[in-house]
Every structure is written in structure tokens, then in C-alpha cells.
Chemist: 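A single structure is presented below for examination.
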Amino acid sequence: MTEPSSPPPDERLKRYLVGGAVRDMLLGVPVEERDWLVTGASQEQLLQNGFQQVGQHFPVFLHPETHEEHALPRHTAGNLDDSLAAVEEDLRRRDLTINAIALASDGHLVDPLGGAMDLDNRILRHTPHFREDPIRVLRLARFYARFKALGFHVAPETMTLVRQMVDQGELDQLVPERVFNEFKKALSEQAPAAFFELLRQTGALGIVLPELDRLFGIPQPARYHPEIDTGLHSLMVLQQACTLSPLPEVRFAALVHDVGKGTTPATEWPRHIGHEGRGAPIIQALAKRLRLPAQWRDLAMAASRYHLHAHRALELRPAALLKMLEALDAFRRVERFQQFLIVCEADMRGRKGFESEPYPQRAFLSGARETAANVDPARVMADQPPPRQIATRIRKARVQALAAYRSAFRSETE
């Protein structure tokens, strides 16, 4: 194994390729970014060599040419000469053994925790310092989501440790921005459902996303949901969303679209009348707690409120159809409306036995929006109606256009 060439400006600085780059090289998967550990140097020396410092608590230095991240070993007690010891100590303080491997310029692996063997055995195992930062529980789940398809599993002792951390309240004070950052990264993986599955197995899901956690064990009508369990349905919808969109905000909306069912009284199970309306304020509170971007919040709330309207779109009267489009702000927020339709299709397909079913409502609603949007206001106002009548006349023209569109669509699809 050879180190990718990208020498620092000063050849006297000794450095090691570390972290995900080494892990992915050993796995034989594409290396997306490279991080470096520099020994035998000080911050001042790196700055003198043209590196740019970013961050304060744990400073990172950007290479002046490649802009790759370089860092000094953590907790070296000022010993700049014992470079191998400094590297090994730095590696021990990382999150997982598979991320605690370094590659020297001569091709030698520095692997104090047996990370290479864990890679061979497909094991996700914690390091001795894993517990120092509880966000690593979410990182563990994220790597599980990334590598589950390759046969990786979590070491039993790591599962035990994480459950202890949860039980002892170590995840209770996680910073919202860091939680969201892990959610965003996990939702961008190929199998993000595994992220939430592992969090639930360890008890962490009830801490970081209780709105989803409480859905497990809540039944739904078997006629419409052969999978029965609402939590399982939510993960199935997420899986379907992954086949339809790479966007994490779309996948998140798919995941939480049914959180309103978590507030249905048990005496009303398995029915969940009105869960759409109950879900929107839950998502709003969730978004405030995790400080979600507005586009994430708005899409998720729209999916909660109107996914059943979308499923019944072909049955709606033209006036009701227009009212739905207006409520979704479909004429101004075209991209969000299209994302909403993807979530609705994922919801329909995220049921046992329905995974490959067609969803004509998506094409129908997309065409309905376009039809109504194409109504020409100039033609409506050709006879110069009073200003107070203009909006009413435009709505009437749109309803008429939607009536004709619906009839044509039904004729084509029957």
C-alpha cells in the first residue's frame, strides 16, 4: 500500500494519513477525503510553512496547496520527538478502531488497537476513549448505516457500553447542532434506516428522536398496513424515499410524516383519525429542539398535514384540489411541492407488499399544479372586472381548468 502523494511544503515535517482515508483504502472503497496527522512540529512551524489554521478547541491546519486537513497529535505532553508514540496515543483517542489506523509515508501501518483486523472481521468496535464524547454513539450508528451492506456488525461489548451511556444519562445534554449534523450525514447514507434501528436497539433513539421512538409498537389497520407497526412503517417509508431521492430533507420528511400517530389514544387503535393535523405541531417542536433548517421543517410539516390529501387526489373535486395546491404553496414553492410528492409516493410504497405499486397521484398532482399555474390572468381580466373580483375570477378559471384536466387524466389512465 502506498500513500497518495501530496507532500507538505516542508519535507522535514513527518506526517501520517489517518482516519477514514486509511479505512476506506483497506476496504477497497473510494477515498473521498484525506486527513493527515503531523508529528515533530508545532503550530508555529505549520503556520510558518503556509498552513491555514481553522478551529480553536482542536485546531486543524489546511494545506496551502491541497487544502487537505492536517492536525497535530492530541495529548502529546509537548514531546515532539517521540512521533510514533504520539501517533499511537492520538489513534487511541478516536471513536472506533477501524478509524484508528494511520499510514506512514513508507507504507507502514500504525494500528495500536487492531483496527485492520476489525475491518477484516467486519466489526465496529469502540476505542478506550469512546466514552469521552457521547456524540460518538450517533457516529457509531452512522457507520453502521454506511457499512451494514458490507456485513459489518457492532461488537457486543460496544453495544453494552452504549446502553450504559444511555442509562446513565450521558446523551441527555447533546448539543442540538451536533445531533442534526449526524442526522444529516446518516440520512445521506445508502441505508439510513439502519442508523435509526441501531439507535433504537441501544435506547438512544428515545433520547435523540423520541417522536419516532414512540411509534414502535403502535398498531395500524392491517387492511392498509400489512406491516401493522407504525415505527416499522416509518422506516419502510424512509427506505422507499432513499430509492426516490438523495436529498436528506426529503428522507427526513418521509421518516417523520406519521409522528402524529404517536399521540393517538390507545382506545382508538388501530385507527388514527386526525393524525395528520396532530403531527405538524410535533414536527414544529422537533425542528425547534434540533434547530432544523427551515426547508427541512416546512417540508416535513407539509408531508404530515397533507399526505392523505395526496393519496386521495384523484377523488378530490376540482375546488378542493385547488385549495390543496394553495395550502401547499405549490405555485410559488415548486421544488418543495415536487419533494412533497416524492414523500407521498414513498409513504404509499412503504408498506409490506406495496413496494412496487404505481403511484399515479404523483403525476396527477404535478400536472394539476402546472395546469392551474398556466391559467392566463390577462384573459381572465380581459373585460376589466372590478379589482375585488380579480382573485375570485382567477380561482374560478383555475377550477375550470382543473376539472378539464382531471377528466382527461382519468380517461388516459382508465
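What you see below is based on every heavy atom in this structure, not just the backbone, and it leaves out hydrogens, waters and symmetry mates.
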Chemist: Do D329 and F337 have side-chain heavy atoms sitting under 4.5 Å apart?
Modeler: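 Not in contact.
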
Chemist: Answer yes or no: is there an ion pair linking E189 with R251, defined by an N-O contact shorter than 4.0 Å?
Modeler: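 Answer for the salt bridge query: no.
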
Chemist: Is the backbone N or O of I228 less than 3.5 Å from a side-chain atom of Q220, with the two atoms forming a donor-acceptor pair by type?
Modeler: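 Checking the backbone N and O of I228 against the side chain of Q220, a donor-acceptor pair under 3.5 Å is found.
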
Chemist: Could you tell me whether the side chain of D90 reaches within less than 4.5 Å of the side chain of L37, counting heavy atoms only?
Modeler: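 L37 reaches D90 side chain to side chain.
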
Chemist: Looking only at the side chains, is there a donor atom on one of H257 and S304 sitting less than 3.5 Å from an acceptor on the other?
Modeler: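 No - no donor-acceptor pair under 3.5 Å links their side chains.
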
Chemist: Would a distance-only check, ignoring hydrogens and angles, find a side-chain to backbone donor-acceptor pair under 3.5 Å from D229 to G231?
Modeler: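 Indeed, once roles are kept as given, a pair shorter than 3.5 Å links the two residues.
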
Chemist: Take H272 and T264, measure what side chain to side chain donor-acceptor pair (under 3.5 Å) needs, and give me the verdict at the end.
Modeler: CA-CA 6 Å; H272 297 275; T264 303; 2.8 Å; yes

Chemist: Give the C-alpha distance, both sets of side-chain angles, the deciding distance and a yes or no for side chain to side chain contact (heavy atoms under 4.5 Å, CB included) between R406 and L314.
Modeler: CA-CA 8 Å; R406 187 180 69 161; L314 292 166; 5.8 Å; no

Chemist: Give, for atom CG of L286 and atom CG of L209, the distance between the pair rounded to the nearest 0.5 Å.
Modeler: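 The distance works out to 5.5 Å.
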
Chemist: So if I apply the side-chain contact (heavy atoms from CB on, under 4.5 Å) rule between F196 and each of V208, L212, D213, which one comes out positive?
Modeler: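 The side-chain contact (heavy atoms from CB on, under 4.5 Å) with F196 is passed solely by L212 among V208, L212, D213.
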
Chemist: Which atoms form the tightest heavy-atom contact between L215 and G262, and what is the distance?
Modeler: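 Nearest heavy atoms, L215 then G262: CD2-N, 3.4 Å.
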
Chemist: Please test Q164 against R131 for side chain to side chain contact (heavy atoms under 4.5 Å, CB included), starting from the C-alpha separation and ending with a verdict.
Modeler: CA-CA 10 Å; Q164 290 176 352; R131 201 165 187 165; 3.8 Å; yes

Chemist: Can you measure from NZ (K261) to OG (S234) and round to the nearest 0.5 angstrom?
Modeler: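 Result: 7.5 Å between the selected atoms.
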
Chemist: Which atom pair, heavy atoms only, marks the closest approach of A145 to A194?
Modeler: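 In terms of heavy atoms, the two residues are closest at CA-CB, 3.9 Å.
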
Chemist: Evaluate the ring planes of F147 and F152, with Trp represented by its six-membered ring, and classify them as parallel (under 30°), tilted (30 to 60°) or perpendicular (over 60°).
Modeler: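 F147 vs F152 ring planes: tilted.
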
Chemist: Under a 3.5 Å distance rule, please check whether R305 uses its side chain to pair with a backbone N or O of A327 as donor and acceptor.
Modeler: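 Between the backbone of A327 and the side chain of R305 there is no qualifying donor-acceptor contact (under 3.5 Å).
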
Chemist: A side-chain contact here means heavy atoms from C-beta on lying under 4.5 Å apart; do V38 and K14 qualify?
Modeler: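 V38 does not reach K14 side chain to side chain.
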
Chemist: Atom CD of residue position E157 - does it have more than 12 heavy atoms of other residues, nucleotides or ligands inside 6.0 Å?
Modeler: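 Correct, the count exceeds 12.
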
Chemist: Is it true that a side-chain atom of R336 and a backbone atom of L328 form a donor plus acceptor pair closer than 3.5 Å?
Modeler: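 Flag set: sc R336 to bb L328 pair under 3.5 Å.
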
Chemist: What do you reckon, is CD of Q190 surrounded by more than 12 foreign heavy atoms closer than 6.0 Å?
Modeler: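 No - once you tally the heavy atoms of other residues, nucleotides and ligands closer than 6.0 Å, there are 12 at most.
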
Chemist: Strictly under 6.0 Å, is that where the ring centroids of Y359 and H311 end up?
Modeler: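 Ring centres of H311 and Y359 closer than 6.0 Å.
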
Chemist: A side-chain contact here means heavy atoms from C-beta on lying under 4.5 Å apart; do K148 and R122 qualify?
Modeler: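 A side-chain contact under 4.5 Å is absent here.
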
Chemist: For the residue pair R291 and F180, would you count it as a cation-pi contact if the rule is NZ or CZ under 6.0 angstrom from the ring centre and within 45 degrees of the ring axis?
Modeler: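 Not satisfied by the 6.0 Å and 45° rule.
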
Chemist: To the nearest 0.5 Å, what is the distance between NE2 (H233) and CD1 (I218)?
Modeler: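 The CD1 atom of I218 is 12.5 Å from NE2 of H233, to the nearest 0.5 Å.
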
Chemist: So, H275 versus D258: side-chain donor-acceptor pair below 3.5 Å or not?
Modeler: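 Side chains of H275 and D258: pair found under 3.5 Å.
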
Chemist: Does the S366 side chain pair with the main chain of R362, one donor and one acceptor, at a distance under 3.5 Å?
Modeler: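 Not confirmed, S366 side chain does not pair with R362 backbone.
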
Chemist: How many angstroms lie between CZ in R214 and CD1 in I282, if you round to the nearest 0.5 Å?
Modeler: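 The distance works out to 6.5 Å.
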
Chemist: Using a 4.5 Å cut-off on heavy atoms from C-beta on, say whether the side chain of N181 contacts that of K185.
Modeler: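 K185 vs N181: side chains touch.
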
Chemist: Answer yes or no: is there a side-chain heavy-atom contact under 4.5 Å between M348 and H307?
Modeler: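 Answer no - side chains too far apart.
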
Chemist: Would you say that more than 12 heavy atoms from the other residues, nucleotides or ligands in this model lie under 6.0 Å from the CD of Q173, or not?
Modeler: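 Counting neighbours around CD of Q173, 12 or fewer heavy atoms of other residues, nucleotides or ligands fall under 6.0 Å, so no.
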
Chemist: Side-chain contact test, heavy atoms from C-beta onward, threshold under 4.5 Å: evaluate it for M25 versus L103 and give yes or no.
Modeler: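 Result yes, sub-4.5 Å side-chain heavy-atom pair found.
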
Chemist: With side chain to side chain donor-acceptor pair (under 3.5 Å) as the criterion, how do Q284 and R289 come out once you've worked through the C-alpha distance, each side chain's angles and the decisive distance to 0.1 Å?
Modeler: CA-CA 9 Å; Q284 189 170 31; R289 185 183 78 246; over 6 Å; no

Chemist: If you apply the rule salt bridge (Lys or Arg N to Asp or Glu O under 4.0 Å), what do you find for R93 with E89, and how did you get there?
Modeler: CA-CA 7 Å; R93 294 181 178 274; E89 180 60 20; 2.9 Å; yes

Chemist: Would you say CZ of R271 has more than 12 non-hydrogen atoms from neighbouring residues, nucleotides or ligands within 6.0 angstrom?
Modeler: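 No, not enclosed.
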
Chemist: Is E335 atom CD crowded by more than 12 heavy atoms from other residues, nucleotides or ligands, each under 6.0 Å away?
Modeler: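 No.
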
Chemist: Would you check, one step at a time, whether the test salt bridge (Lys or Arg N to Asp or Glu O under 4.0 Å) holds for K184 with E249?
Modeler: CA-CA 8 Å; K184 183 177 180 179; E249 58 266 37; over 6 Å; no

Chemist: Below 4.5 Å, heavy atoms only, C-beta onward: do E88 and L84 meet side chain to side chain?
Modeler: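 Yes; the side chains approach each other to less than 4.5 Å.
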
Chemist: Checking side-chain polar atoms at under 3.5 Å, does Q240 have a donor or acceptor matched by the opposite partner on R351?
Modeler: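 On atom types as modelled, these side chains do not qualify, holding no pair under 3.5 Å.
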
Chemist: Assess whether atom NE2 of H225 is packed by more than 12 heavy atoms of other residues, nucleotides or ligands within 6.0 Å.
Modeler: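 Buried by this count: over 12 neighbours within 6.0 Å.
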
Chemist: Would you say D95 and H129 are linked by a side-chain donor-acceptor pair, where the criterion is simply a distance under 3.5 Å?
Modeler: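 No pair is found: no donor N or O on one side chain lies under 3.5 Å from an acceptor on the other.
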
Chemist: Mind running side chain to side chain contact (heavy atoms under 4.5 Å, CB included) on R333 and F340 for me, showing each step along the way?
Modeler: CA-CA 10 Å; R333 305 289 297 275; F340 162 79; over 6 Å; no

Chemist: Does the side chain of R278 come under 3.5 Å of the side chain of T263 through a donor N or O and an acceptor N or O?
Modeler: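 Judged by distance alone, the side chains do pair up.
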
Chemist: How about CD on E177, more than 12 heavy atoms from neighbouring residues, nucleotides or ligands closer than 6.0 Å, or not?
Modeler: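 Counting other residues, nucleotides and ligands, CD of E177 exceeds 12 neighbours.
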
Chemist: We want to know whether R23 and N99 form a side-chain donor-acceptor pair, criterion being a heavy-atom distance below 3.5 angstrom.
Modeler: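 Result is yes, a qualifying pair exists.
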
Chemist: Within the distance-only criterion (no hydrogens, no angle test), does the side chain of T97 pair as donor or acceptor with the backbone N or O of L113 below 3.5 angstrom?
Modeler: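 Between the backbone of L113 and the side chain of T97 there is no qualifying donor-acceptor contact (under 3.5 Å).
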
Chemist: Judged by atom type as modelled, is there a donor-acceptor pair below 3.5 Å linking the side chain of D35 to the main-chain atoms of V18?
Modeler: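 Answer holds: no.
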
Chemist: With a cut-off of 6.0 Å (strictly less than), are more than 12 heavy atoms of other residues, nucleotides or ligands near OH of Y224?
Modeler: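 Result for OH/Y224: open.
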
Chemist: Which heavy atom of I101 sits nearest to which heavy atom of L119, and what is that distance?
Modeler: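 The answer is CD1-CD1, 4.0 Å.
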
Chemist: Would you check if the side chain of T158 reaches a backbone N or O of V154 as a donor-acceptor pair within less than 3.5 Å?
Modeler: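 No, because the side chain of T158 does not come within donor-acceptor range (under 3.5 Å) of the backbone of V154.
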
Chemist: So, using ring-ring contact (aromatic ring centres under 6.0 Å, His included) as the criterion, who are the partners of F364 when residues are at least two apart?
Modeler: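 F364 satisfies ring-ring contact (aromatic ring centres under 6.0 Å, His included) with Y405, F409 only.
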
Chemist: Could you pull out the closest heavy-atom pair between A401 and T371, with the gap in Å?
Modeler: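 For A401 versus T371, the nearest heavy atoms are O-CG2, 3.7 Å.
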
Chemist: Quick one: CG on L161 to CZ on R125, what's the gap to the nearest 0.5 Å?
Modeler: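 Answer for the CG-CZ pair, L161 versus R125, is 12.5 Å.
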
Chemist: Do D133 and R178 pass the salt bridge (Lys or Arg N to Asp or Glu O under 4.0 Å) test, and can you show the C-alpha distance, the side-chain angles, and the key distance before you say yes or no?
Modeler: CA-CA 11 Å; D133 188 353; R178 299 187 74 194; 2.8 Å; yes

Chemist: Using the rule given for salt bridge (Lys or Arg N to Asp or Glu O under 4.0 Å), can you reason through E357 versus R349, listing the C-alpha separation, both sets of side-chain angles and the distance that settles it, and then say yes or no?
Modeler: CA-CA 6 Å; E357 287 294 307; R349 290 170 52 184; over 6 Å; no

Chemist: Once rounded to the nearest 0.5 Å, what's the spacing between atom CG of D24 and atom CZ of R146?
Modeler: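 Reported to 0.5 Å precision, the distance equals 7.0 Å.
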
